[in-house]
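Take a look at the structure below.
Computed from a prediction, not measured in an experiment: that's the story for all the values here. Counting starts at 1 for both ligands and their atoms, following the listed order.
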Amino acid sequence: MSLLSASSRRPWAQLNLGLLARRIPRAFLTTAPKTIAGFLEWKPTDAVAKVQVNGYVRSVRAQKKTHFVSLGDGTSLDLLQAVVPADKAEGLTIGAAVRLHGSWAPSRGRGQSHELQVQHADVLGPSDAKTFPLQKKYQTPEYLRTMPHIRPRIPFNSALLRFRSEIITSLSQFFNNRQFVQTHTPILTSADCEGGGEVFDISVDNQSSSSEVNGNTHFFRRPVYTTVSAQLHLEALAQAVGNVWTLSPTFRAEQSDTPRHLSEFYMLEAEMSFTDHLESVMDLVEDLLRHVGTALADSKVVHELSTRTAEGSSDLVSVEEVAARWRGLQSKSWPRITYTEAIEILKNSNEQFSQKPQWGQDLQTEHEKFLAAHVGKKETPVFVTNYPRSIKAFYMKSNGDKDDESALGETVECFDLLVPELCEIAGGSMREHRLQNLLQSMRQLGMRTSHDDAGPDEANAATSGGNLDWYLDLRQWGCPPHGGFGIGFDRLVCYLSGVQTIRDTAAFPRWHGRCDC
Ligand SMILES: NC(=O)C[C@H](N)C(=O)O
């Protein structure tokens, strides 16, 4: 005999069967579409009974006998029209999560070929219409940015989320086809990859959770930051398994208040082992973006995004401009000019720049915009290569005197990829794989390591690169020539969708002074 009582063996026996009965779904046609996008494409000539549709009420037009309910579920920009008898419409308020049962039938009204003639409505998640923040009226993008947890429900923003997901699928395919290994790199790091001091220091001075070492109460016993780039760790992984890539969050404590900067953003980064030339890294970027452009050109969500211009919850560039960008991505080859040539082009132009272009100084946004418009003719992206060493990161390989490997040249083997409006969308370089050259480059930038007599600069860790000893180790034991790149993923989504600010392509944007939820 079982030691369990009848009711504990059958816990459901204790349930209130009345409640259970109400949850039993009505018989419905299981072959009907599962999403609203599916319904909108389904155009039977006669009414089909016993269908059910899940979705959220986006708007209600109540007439005496009938309520017209627009239903969305994020799978389509267009909404489904549900025609509900007034006595069955209780709880169908804007924002509510509902399951509607009825017939899918050719519509007598204008504006849609078919509609749902509702026989029964289940309100699964009620919504208070008076306080629901997304009322059916124009709301400014800035107002919508104050509620990032609700904003994705706007059909345009849902489309952006789907678009982002499709881009990730297509670039995964690309890397898979080329046998790149997808990897995960850490978010917490003891190094500052770009050496720019724009790290968020998250060392926790918490007496109860840290251990004291030499009077130091950091949780990790050393300064730790959120990563600014996965590159250094990718280099380590590339030395293990060959070509690698990752798409991961990166963080920059920049105070830039622009449509192109966020404090937290996704970066798509790749690193190639046994690669001798910068050209191969640029080829990879070009092939990758061309693949995305070609693979997605006919996708439904691209069509949806390109047919909406001013209707979105964000400021958008014109449809023609977005179309030109897509054509440009698929075009044969993109211009490649050196930084020195770029400075000459800028100097010889008649443009009145607020900051004069000068060799040795970084290109300003106005310069990059000019180059994207005139060299790329607003159609193709433009590579600018070989920047001065003094304005680039410590890890970039020097264009040194080829006969004397230890002499560092004035420029580095690097590139920025510029596109109209958004300017730099990607950056990459050959990495300095020769230990002595790397140390020399770091010293010239004022960075100290354990290879120096004075040892690492603990006091100024955040501005001198943090702990890079492990990175130098990589140069001691079998470091082949290698190179890689990073693409600002949120900027790429902007470029391809025509959305003008990455505050709208990132679902939960964080920037200086703003981290709303
Ligand atoms: N992986 C890369 O080359 C990106 C580079 N570290 C950057 O942050 O710009």
Problem set entry | Minimum-distance protein heavy atom relative to atom 8 (O) of ligand 1 | Arg252 NH2, 2.9 Å
Exercise. Does a sphere of radius 6.0 Å around NZ in Lys34 hold more than 12 heavy atoms from other residues, nucleotides or ligands, not counting ones at 6.0 Å or beyond?
Worked result: yes
Exercise. Relative to the heavy atoms of Tyr395, which atoms of ligand 1 are at a distance of less than 4.0 Å?
Worked result: 5 (C), 6 (N)
For this session: Give the numbers and elements of all ligand 1 atoms closer than 4.0 Å to a heavy atom of Gly427.
Result: 3 (O)
Exercise. Judged by modelled atom types alone, do Asn386 and Thr338 share a side-chain donor-acceptor pair under 3.5 Å?
Worked result: no
Problem set entry | Which residue and heavy atom of the protein sit nearest atom 4 (C) of ligand 1, plus the separation | Glu269 OE1, 3.4 Å
Exercise. Would you say Arg431 touches ligand 1, if touching means a heavy atom closer than 4.0 Å?
Worked result: yes
For this session: Consider ligand 1: state whether an atom of it lies below 4.0 angstrom from any non-hydrogen atom of Glu271.
Result: no
Exercise. Going by the atom numbers of ligand 1, which of them fall below 4.0 Å from some non-hydrogen atom of Ser229?
Worked result: 5 (C), 6 (N), 8 (O)
For this session: Quick one: which residue pairs count as a side-chain hydrogen bond (donor to acceptor under 3.5 Å, both in side chains) with a foot in residues 472-491, not counting sequence neighbours?
Result: Arg164-Asp490, Glu235-Arg475, Glu235-His482, Tyr471-Arg475
For this session: Check ligand 1 against Gly486 and write out every atom of the ligand that is under 4.0 Å from a heavy-atom position of the residue.
Result: 1 (N), 2 (C), 3 (O), 4 (C)
Exercise. Quick one: do the Thr258 and His261 side chains pair a donor with an acceptor below 3.5 Å?
Worked result: yes
For this session: Fit a plane to each ring of His367 and Phe353, take the angle between them on a 0 to 90° scale, and name the class: parallel (under 30°), tilted (30 to 60°) or perpendicular (over 60°).
Result: perpendicular
Problem set entry | Candidates Ile202, Asp201, Thr189 - the one meeting side-chain contact (heavy atoms from CB on, under 4.5 Å) with Val224 | Ile202
Exercise. Are Trp245 and Phe180 close enough that their ring centers fall under 6.0 Å?
Worked result: no
For this session: Compute the minimum heavy-atom distance from Glu424 to ligand 1 and say whether it is under 4.0 Å.
Result: no
Exercise. Taking the six-membered ring for Trp, are the ring centroids of Phe489 and Tyr266 within less than 6.0 Å of each other?
Worked result: no
Problem set entry | Polar atom proximity, Cys193 to ligand 1 (N or O, under 3.5 Å) | no
Problem set entry | Closest approach of any protein heavy atom to atom 7 (C) of ligand 1, naming residue and atom | Glu194 OE2, 3.4 Å
Exercise. Looking at Met267, which atoms of ligand 1 are within less than 4.0 Å of one of its heavy atoms?
Worked result: 8 (O)
